[in-house]
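Written below as structure tokens is the structure these notes are about.
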Amino acid sequence: MYRGREGMWSWILHRVTGLGILLFLAIHIVDIYLLGWPDLFNKLLFFYRHPVFRVAEVFLAAAALYHALNGIRILLVDFWVEGTRFHRQIFWAQMVLFLLIWIPASLWMLSPVVFGR
Amino acid sequence: MRVLLKIKRFNPERDRAPYWAEYEVEVEPVDRVLDALEYVKWHLDGTLAFRRSCAHGICGSDAMLINGRNRLACKVLIKDLGSPITVEPMRGFPVIKDLVVDMEGFFAKYRAIKPYLINDELPPETERRQSPEERARFDDTTKCILCGACTTSCPSFWANGEYIGPAAIVNAHRFIFDSRDRGAAERLAILNTRLGVWRCRTIFNCVEACPRGIDVTRAIAEVKRALLFSGT
Amino acid sequence: MYAGRERPTGGFELFAWFFMRISGLLLIILVLGHLAIMHVIHTVDEIDFDFVARRWGSPFWRTYDLVMLWLALLHGLNGLRTVIDDYVHRRGWRVVSLAALAVIGFVLLAMGTQIILTFEVPSGQMASGLP
Amino acid sequence: MTTVHRYDAVIVGAGGAGLRAALEVARATPRVAVVSKLYPIRSHTGTAQGGIGAALGNMEEDHWEWHMFDTVKGSDYLADQDAVEIMCQEAIACVYELEHWGLPFDRTPEGKIAQRRFGGHTRNFGEAPVRRACHAADRTGHMILQTLYQQCLKHEVQFFNEFHVLDLLLEDNVCRGIVALSLADGELHVFHAKAVLFATGGFGRMYKVTSNARSLTGDGVAIALRRGIPLEDMEFFQFHPTGIYKLGILISEAARGEGGILRNRQGERFMERYAPTLLDLAPRDIISRCMYTEIREGRGIDGKDYLHLDLTHLGREVIEKKLPDITDFARTYLGIDPVREPIPVQPTAHYAMGGIPTDVHGRVIRDEKNTPVLGFYAAGECACVSVHGANRLGTNSLVDILVFGKLAGRHMADYLRGADFAPLPKDAEGPAREECQRLLTSNGAESVARLREILQREMMDKAAVFRTREGLEAMLTTLKELKDRYRRIRLQDKGKIFNTDLQEALELGYLLDLAEVTVVSALARRESRGAHYREDFPKRDDAQWLKHTLAYRINGEYELRYKPVVITRFQPVERKY
Ligand SMILES: Cc1cc2nc3c(=O)[nH]c(=O)nc-3n(C[C@H](O)[C@H](O)[C@H](O)COP(=O)(O)OP(=O)(O)OC[C@H]3O[C@@H](n4cnc5c(N)ncnc54)[C@H](O)[C@@H]3O)c2cc1C
Ligand code: HEM
Ligand code: SF4
Ligand code: F3S
Ligand code: FES
């Protein structure tokens, strides 16, 4: 394994999260399409309410959040002249921000599953 | 100090596939990895093949994958690595033998970006004038020694070997931003393709790998911006 | 900065690269907003046909979702295109996979667009301001 | 299978001299090939740091005559003044030419090429140091090599990279081509040519502590010697005062040009005692000797065999901007920050003044009457024009490779027009093949590495800065032994593909020959001049020794002849700084 640093890991994560969200988006389009069949749509919603999906949902949020924050870092590297010098610092700042948002949000999102609301 | 050196070896005359060979070498902590390789070659196994010349990081002969990162064997000290030390050829180029890789493709890409001053105007009798600021504009990229460490550390290049790679872009940058050059448009056109600058995903391995401390990603970003906006 | 003749402009790759950045910038608001509303403020427990129907009663949310759909899908599909370009080297395979990508992408885009534009709010459902 | 190529001109070596010549020849014919055992940009020219001397007068008044005077005086009056005159005049055009080709020189505020001080370069015939060295930070050689290579690519010069040249095809005083070993596959290639130029660089590798690359083993020089060409002035080998202690890596004279100071263990600026005018910028031979004197008299740092190069008073700005690479070397290899600490230095084997004798057109000459060998040229460090005489000034090698690379190329281009392909000798590659076979099949017990180590250590000890008759004679005996043992080596790699074991053995063969010529020539010269210092004959002796050595090897024995020095403008006087 090549011992890359922040730049390489952030890229791998960006790619994985991007593809993950795309996969979800594709599924999501199909399920929304089923709005044309209201009963079927409502019936299938059990799927989204299943605890497994609730956990997956938290990861979906993580993926989107990470991808978005890292996207900002990429934009800074691309368009801010000093971006390449500070990309590592930006990465760590972004990860802190990520945790600050994601941990409370996921606790909140999971609370109905764990405690019932 | 004794150090265990693990070298990925392959001799097409003898071996079907690459294998790891291990050597115990006697070196000083302030010795370079190159010294350890030479120790093997001179005292343990003369068949080991690697390139080297200047031994102080200027000629660009001995870029290789050392402990998982691309570096010049002559520019990394044993004491900074400890033991064991693993050494492999650079990734993404065909291996000729042991640590020696075929660099022809690499140089073909270098040649593709027209790495020479383009200016048909008649020069003055003395020097062309260039202010210190204009000179400083492209200083960083003049340092490139074409060692290949950047290109072969780039995941985008590993994935798609047709990517022109950071080294070629660095050398294009060297001319694009030289106030005396008139070939920027030609070079930018060459880089403005599917296999040109746009394949760079700002992974930064190239910057970590560059033994000359060139901010490769910055150079690439500047080229991208030059393509996007006139004048920056 | 650089001297010399006119710079080359345009080119599909340049456009695609730039589009990724612009769409990404907009998607930050659109996607994170969407997620916050649908998955944090509300939860999937509350979401059902009626919920969606109420929401799409408002032209604002329809537009919001439509823009998000297009940007996210084109952004994601173009992302996948780069990934294919990276890993699929055989010319034939690449052409096939890119074609498949285009077809699937078109179908998804069509499906999504159709449902957002043609969805009829059942009579009796009130358009509510907030989702 | 031997492949035969046919080119009008073949250039061996892709350093500054080879590439500059190739560019010149390429103007006349597209059929020019550059054959090099390294990729061109790996050549040692790329490591040159400090600058290239030319009297541009960009920073202060300067004239090529002053440059010429300094060069002649620096050479201890052994340089041929007609050649020096040409070099110092042409230097100016050559530097402008490089600039026009895009070389990124540092600039003055007005946008002109920036210049700095360098050892031995003075204003008005020795009054005070002058700023003459044109530079691009401390990477001047790198920029020169890159620029020349770029121009060669532009002009579509053909390259044969990693082809190790083994033999020169020379019969009846007419050159017919070369034989080379392709490292990648181990095949022999014959290059049939109307003219050949050797630009194979130096041979510092015969010493233990050297600034020279692993590849600088004097191949071309040794091959010429073996083919009956005499070697000129081989006793003069320059030691550069400031090599990094033990490693030999060079700390450019530019460090002193920018104001760096040499100090002994008492912190004393000892050059004040030896060269009151030029101080630390006296020529290299003098400073190296002074350093050894300090060390011998117990004033080395901690009583050891090194001294300090002190840059700390220059400030971070100057050090990092003007000397970035050597700052990097000190940090990487010594863990020392030159901004805050002095650098431990010792003299390091640096430059061969001697080599293949040529005239000012780069034509190789074969006797003291300057009879040229038809179609055989040499330029650069492997050649001896002689513009450096007994001691080269800093920045003058880069001038030499450019000026005489160009002039040789120009003469070759002319020669090609009138010349035809002389037929190849029968079994052209035979001797080269035999040599390789012999090394590959030799079944003794000696190792190349071991022999080379002894050679380097002994040469450092007995034939370096200080020399005596006893030492040199002992060295000759050692060399006889080493050559004998060399016949009984054993290679571990018997394969064809990238056999560097074989290559190192070949290179050791060259070094042994050249060391022998060096010692034989040094033993004969019973005076001290420039870099050649005989403790048993400490004075310069113009009456007897103002002449060039030509060393021939005939059936394994050496024969020395001598050739007069060309003196035009400057009569020899005592050398004081
Ligand atoms: C560290 C250092 C710093 C220096 N700084 C300065 C300076 O500041 N100013 C200055 O004027 N001078 C300086 N010099 C001296 C100067 O750089 C060299 O003398 C000069 O560059 C030699 O150039 P060249 O073209 O003759 O040979 P090189 O550049 O050494 O090239 C030799 C070429 O010959 C090829 N070759 C050799 N053997 C064979 C073979 N058997 N077959 C095929 N090819 C072969 C090699 O591949 C290479 O391409 C410095 C030298 C050193 C070592
Ligand atoms: C939320 C805001 C988003 C931002 C700021 C953003 C930003 C980016 C950027 C800048 C890139 C280009 C990376 C590069 O060229 O190196 C990218 C790639 C990508 N994005 Fe997004 N994006 C966002 C949302 C999405 C969404 C919703 C999806 C899924 C549909 C997605 C899928 C992808 C994919 C698959 C890639 C390609 C990854 C790669 O090439 O490695 N992105 N994103
Ligand atoms: S940019 Fe750096 S890593 Fe890449 S080839 Fe040049 S010197 Fe080597
Ligand atoms: S590692 Fe590769 S992707 Fe770009 S930033 Fe460097 S070239
Ligand atoms: S040997 Fe020259 S860079 Fe390492």
Side-chain angles (χ1 to χ4, degrees), chain B residues 11-14 30 32 38 41-43 45-61 75-77 96-98 100 102-103 107 110-111 114-119 123-132 134-135 138-139 142-146 174-175 178 180-181 213, chain D residues 38-39 41-44 46-47 56 58 95-96 99-102 104-114 136-137 139 141-143 146-147 150-151 153-154 184 213-216 247 249-250 325 328-329 332-335 447-450 453 491-493 495-501 504:
Chain B
N11 179 353
E13 285 175 291
R14 233 181 28 207
V30 293
R32 304 155 275 203
E38 289 185 328
K41 177 150 189 76
W42 295 343
H43 303 293
D45 187 346
T47 63
L48 179 67
F50 53 90
R51 292 190 177 102
R52 86 281 177 272
S53 184
C54 71
H56 64 284
I58 298 296
C59 73
S61 297
K75 235 192 147 178
V76 45
L77 305 189
I96 296 178
K97 179 174 163 186
D98 296 338
V100 178
D102 182 353
M103 305 270 298
F107 282 105
Y110 169 68
R111 290 193 295 269
K114 303 184 189 255
Y116 39 79
L117 192 84
I118 297 178
N119 185 333
E125 254 172 52
T126 63
E127 64 269 62
R128 287 197 183 91
R129 298 295 175 99
Q130 182 171 52
S131 72
E134 288 169 326
R135 167 65 179 76
F138 63 103
D139 184 61
T142 62
K143 297 188 300 201
C144 175
I145 52 177
L146 292 166
R174 181 249 169 273
F175 289 102
D178 186 334
R180 300 167 296 172
D181 187 80
Chain D
L38 301 172
Y39 270 95
I41 41 149
R42 315 273 183 241
S43 301
H44 206 61
T47 64
L56 307 184
N58 278 356
V95 166
Y96 287 141
E99 198 283 332
H100 296 159
W101 284 334
F105 282 109
D106 287 349
R107 300 288 171 157
T108 65
E110 313 87 73
K112 296 185 186 174
I113 296 171
R139 323 189 168 101
H142 164 78
M143 304 294 190
Q146 297 264 334
T147 304
Q150 290 159 1
Q151 288 299 310
L153 292 180
K154 183 174 178 187
R214 300 288 195 272
S215 55
L216 286 183
L247 288 172
I249 298 170
L250 196 76
D325 275 8
D328 183 37
F329 299 154
T332 308
Y333 298 110
L334 297 168
S447 106
V448 169
R450 179 89 194 102
E453 209 179 292
L491 299 186
Q492 282 178 290
D493 196 342
K496 297 202 102 177
I497 297 180
F498 227 90
N499 189 340
T500 45
D501 216 16
E504 288 191 16

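Quick note on labels: first sequence line is chain A, next is B, and so on, each numbered from 1.
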Please report the shortest heavy-atom distance between [X] and [Y], naming the atom on each side.
{"X": "B:Gly57", "Y": "D:Tyr333", "value": "N-OH, 3.9 Å"}
{"X": "B:Leu77", "Y": "D:Thr332", "value": "CD1-O, 3.2 Å"}
{"X": "B:Ser61", "Y": "D:Arg42", "value": "OG-CD, 3.3 Å"}
{"X": "B:Cys54", "Y": "D:Thr47", "value": "CB-CG2, 3.9 Å"}
{"X": "D:Ala184", "Y": "B:Ile96", "value": "O-CG2, 4.2 Å"}

Using heavy-atom distances under 4.5 Å, tell me whether [X] contacts chain B through its side chain, its backbone, both, or neither.
{"X": "D:Ile249", "result": "side chain"}
{"X": "D:Thr108", "result": "backbone"}
{"X": "D:Leu250", "result": "neither"}
{"X": "D:Glu110", "result": "both"}
{"X": "D:Pro109", "result": "backbone"}
{"X": "D:His100", "result": "both"}
{"X": "D:Asp106", "result": "both"}

Open item on the list: Quick check against the 3.5 Å criterion: does D:Gln146 have a side-chain atom that pairs as donor or acceptor with the backbone of B:Thr142?
Closed with: no
Open item on the list: Check B:Glu134 with D:Arg107, please: is the shortest side-chain N to carboxylate O separation under 4.0 Å?
Closed with: no
Task: Sidechain N-carboxylate O distance under 4.0 Å for B:Lys97, D:Asp493 - done: yes
Which value, rounded to the nearest 0.5 Å, describes the distance between [X] atom [atom1] and [Y] atom [atom2]?
{"X": "B:Arg180", "Y": "D:Trp101", "atom1": "CZ", "atom2": "CH2", "answer": "13.5 Å"}
{"X": "B:Leu117", "Y": "D:Gln151", "atom1": "CG", "atom2": "CD", "answer": "7.5 Å"}
{"X": "D:Ile113", "Y": "B:Thr126", "atom1": "CD1", "atom2": "OG1", "answer": "8.0 Å"}
{"X": "D:Ile497", "Y": "B:Glu13", "atom1": "CD1", "atom2": "CD", "answer": "4.0 Å"}
{"X": "D:Ile41", "Y": "B:Cys144", "atom1": "CD1", "atom2": "SG", "answer": "7.5 Å"}

Let's test your reading of the structure: which of [options] forms the most heavy-atom pairs below 4.5 Å with chain B?
{"options": "D:Gly102, D:Ser447, D:Ser43", "answer": "D:Gly102"}
{"options": "D:Lys112, D:Glu504, D:Glu99", "answer": "D:Glu99"}
{"options": "D:Glu453, D:Arg450, D:His44, D:Lys496", "answer": "D:Lys496"}
{"options": "D:Gly141, D:Gly111, D:Gly46, D:Ala449", "answer": "D:Gly111"}
{"options": "D:Thr147, D:Val448, D:Leu491, D:Asp325", "answer": "D:Asp325"}

Open item on the list: The criterion is side chain to side chain contact (heavy atoms under 4.5 Å, CB included); which residues satisfy it with D:Thr500, sequence neighbours excluded?
Closed with: B:Lys41, B:Ala49, D:Phe498, D:Gln503
Choice from [options] maximising heavy atom contacts with chain D below 4.5 Å:
{"options": "B:Arg52, B:Gln130, B:Glu38", "value": "B:Gln130"}
{"options": "B:Arg51, B:Glu127, B:His43", "value": "B:Glu127"}
{"options": "B:Arg14, B:Met103, B:Lys143", "value": "B:Lys143"}
{"options": "B:Ile58, B:Asp45, B:Asp102", "value": "B:Ile58"}

- [ ] Please test B:Arg32 against D:Leu247 for side chain to side chain contact (heavy atoms under 4.5 Å, CB included), starting from the C-alpha separation and ending with a verdict.
- [x] CA-CA 11 Å; B:Arg32 304 155 275 203; D:Leu247 288 172; 3.5 Å; yes
Task: Cation-pi geometry met for B:Arg135 and D:Phe105 (6.0 Å, 45°) - done: no
- [ ] Kindly determine whether D:Gln150 and B:Phe175 satisfy side chain to side chain contact (heavy atoms under 4.5 Å, CB included), including the steps that lead there.
- [x] CA-CA 11 Å; D:Gln150 290 159 1; B:Phe175 289 102; 3.4 Å; yes
Contact part of [X] toward chain D, heavy-atom cut-off under 4.5 Å: side chain, backbone, both or neither?
{"X": "B:Glu125", "result": "backbone"}
{"X": "B:Lys114", "result": "neither"}
{"X": "B:Asp139", "result": "side chain"}

Open item on the list: Evaluate D:Asp501 against B:Thr47 for side chain to side chain contact (heavy atoms under 4.5 Å, CB included), listing each step before the verdict.
Closed with: CA-CA 6 Å; D:Asp501 216 16; B:Thr47 63; 5.6 Å; no
Open item on the list: According to ring pair (Phe, Tyr, Trp, His ring centres under 6.0 Å), who are the partners of B:Tyr116, at least two apart in sequence or on a separate chain?
Closed with: none
Task: Any side-chain heavy-atom pair of D:Pro104 and B:Arg174 under 4.5 Å - done: yes
TODO: Just do the side chain to side chain contact (heavy atoms under 4.5 Å, CB included) check on B:Ile145 and D:Arg139 with the steps written out, would you?
DONE: CA-CA 11 Å; B:Ile145 52 177; D:Arg139 323 189 168 101; over 6 Å; no
Open item on the list: Check the orientation of B:Phe107 and D:Tyr39. Use parallel for under 30°, tilted for 30 to 60°, and perpendicular for over 60°.
Closed with: parallel
